[in-house]
Amino acid sequence: MSVLDQEFMIGFIRMATDGFEHGWHERNGGNLSYRMKEEEVAAVAGELNHDAPWQPIGTEVPGLAGEYFLVTGSGKYFRNVCLDPAANLAIIEIDESGTQYKICWGLVNGGRPTSELPSHLMNHEVKKRVTNGAYRVIYHCHATNVIAMTFVLPLTDEAFTRELWEMATECPVVFPQGVGVVPWMVPGGREIGVETSKLMEDYDVAIWAHHGMFCAGPDFDITYGLADTVEKSAEIWIKVRSCTPEKRQTITPEDFRELAPAFGIELPEKFLYEKH
Ligand code: 2HA
Ligand code: ZN
């Protein structure tokens with residue numbers, strides 16, 4: 001079975017297409033990466049080419065030594081992924097020091113892995129460690145309403161988590177750890193990756209002010225569903241704020257405390273502060 005027929009490839013392409021259709025990937029915006037399972041690497045081994053030169057990642061991820069990732073290409077459009085995966089995606093291998101990568105498949109018309117490779121790999125390294133290898137997907141999208149919120153709310157984990165939770169009862173169930181926020185920073189480098197990956201120690205969602213968000217998860221469904229849930233909540237928040245400066249009623253800290261045991265989740269008290 002060819003690389004293009006593999007289940008992980010089909011899931012990856014579907015997620016890229018869904019994200020584009022949702023309006024979160026204008027032009028070359030956003031990027032996606034998937035840490036392949038050993039058996040998936042073995043299944044496509046005959047199509048991987050190891051002749052390309054090693055290239056610097058721009059950061060160190062020793063926890064990912066020897067891993068293989070399917071990633072979107074830098075400057076490539078999510079819109080085009082489903083039409084020509086081999087031109088817009090790459091499978092890369094990480095070297096034994098965790099400082100270099102090599103393109104083993106894809107980008108057939110040239111190119112490099114996503115410009116956010118340092119952030120993706122640093123997030124993967126944290127998530128692989130804290131989930132004992134369960135998490136495999138890192139997704140960066142330019143979700144419209146989440147970006148809009150970063151012009152209005154204070155850029156704190158507490159403010160964003162609480163407002164997003166209040167907008168839909170399912171939200172604290174879907175992301176009980178809350179969300180982290182990175183202030184505006186230059187994208188594409190190691191520094192923003194360091195700040196984002198620190199947040200990934202605690203959260204599955206990191207919001208980049210005036211830019212977008214990163215989501216992490218074990219598979220494509222859960223990671224895409226997380227981004228979708230956060231963005232829908234942000235859309236409700238923007239709609240409410242567009243109607244009125246103050247909510248007339250909402251889900252209260254007491255309501256959240258009642259919800260938590262009913263759903264078998266723990267909601268950190270730092271998000272259940274009294275307002276005003
Ligand atoms: O253009 O989204 O953050 C790709 C990006 C950079
Ligand atoms: Zn971006």
Side-chain angles (χ1 to χ4, degrees), residues 12-34 55-59 61 69-85 87-92 101 103 106-107 109-127 137-151 155 160 179-200 203-217 220 223-224 226-228 230-231 234-235 238:
F12 189 104
I13 295 169
R14 177 163 175 239
M15 181 155 164
T17 303
D18 285 349
F20 169 71
E21 286 176 355
H22 236 129
W24 305 337
H25 298 284
E26 73 292 339
R27 202 172 181 278
N28 60 318
N31 20 79
L32 176 60
S33 62
Y34 171 73
Q55 319 244 24
I57 294 169
T59 190
V61 284
F69 292 86
L70 176 60
V71 301
T72 48
S74 177
K76 306 297 185 190
Y77 291 25
F78 268 51
R79 181 168 173 253
N80 293 335
V81 167
C82 64
L83 295 181
D84 195 351
N88 293 290
L89 308 179
I91 292 176
I92 60 168
Y101 73 86
I103 297 175
L107 292 174
N109 301 325
R112 288 176 293 117
T114 166
S115 61
E116 302 293 359
L117 191 64
S119 278
H120 276 260
L121 294 181
M122 282 186 270
N123 291 344
H124 274 293
E125 190 182 39
V126 168
K127 283 304 186 191
V137 182
I138 299 288
Y139 177 46
H140 169 56
C141 64
H142 295 175
T144 315
N145 294 283
V146 168
I147 298 170
M149 282 179 84
T150 67
F151 294 90
L155 298 174
F160 273 79
V179 304
V181 183
V182 180
W184 187 88
M185 291 179 75
V186 175
R190 180 175 186 276
E191 252 177 78
I192 195 167
V194 169
E195 293 311 312
T196 310
S197 61
K198 277 187 208 161
L199 295 175
M200 288 290 172
Y203 307 119
D204 288 346
V205 181
I207 292 170
W208 281 6
H210 323 322
H211 185 143
M213 68 173 148
F214 268 82
C215 290
F220 298 115
T223 313
Y224 190 80
L226 177 59
D228 201 1
V230 170
E231 170 58 8
E235 181 178 351
I238 292 293

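Both ligands and their constituent atoms are indexed starting at 1 by order of listing.
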(request) Tell me which part of R27 gets within contact of ligand 1: side chain, backbone, both or neither, using heavy atoms under 4.0 Å. (result) neither
(request) For ligand 1, find out whether one of its N or O atoms is nearer than 3.5 Å to an N or O atom of G30. (result) yes
(request) Compute the shortest N/O to N/O distance between H142 and ligand 1 and return yes if it is under 3.5 Å, no if not. (result) yes
Nearest neighbour in protein (non-hydrogen) for [atom]:
atom	value
atom 1 (O) of ligand 1	N28 O, 3.1 Å
atom 5 (C) of ligand 1	N31 ND2, 3.5 Å
atom 6 (C) of ligand 1	E116 OE2, 3.1 Å

(message) Which residue in the set W24, F78, F214 passes ring pair (Phe, Tyr, Trp, His ring centres under 6.0 Å) when paired with H140?
(response) F214
(request) Give the minimum heavy-atom separation between P118 and I57, together with the two atoms involved. (result) CG-O, 3.7 Å
(request) Output the distance between atom CZ (R112) and atom CG (L107), rounded to the nearest 0.5 Å. (result) 10.0 Å
(request) Enter the distance from N28:CG to T72:OG1 here, rounded to the nearest 0.5 Å. (result) 10.0 Å
(request) Could you list the atoms of ligand 1 found under 4.0 angstrom from a heavy atom of H140? (result) 2 (O), 3 (O)
(request) Can you establish whether the number of heavy atoms outside E26 located under 6.0 Å from its atom CD is more than 12? (result) yes
(message) Please name the atom of H140, limited to N, O or S, that comes nearest to the Zn ion (ligand 2).
(response) NE2
(message) With a 6.0 Å cut-off on the ring centroids, do H25 and Y77 count as close?
(response) no
(message) Suppose you place the vertex at the Zn ion (ligand 2); what is the angle out to H142 NE2 and H211 NE2, to 10°?
(response) 100°
(request) Sort out for me which residue in E116, K76, H120 forms a side-chain hydrogen bond (donor to acceptor under 3.5 Å, both in side chains) with N31. (result) H120
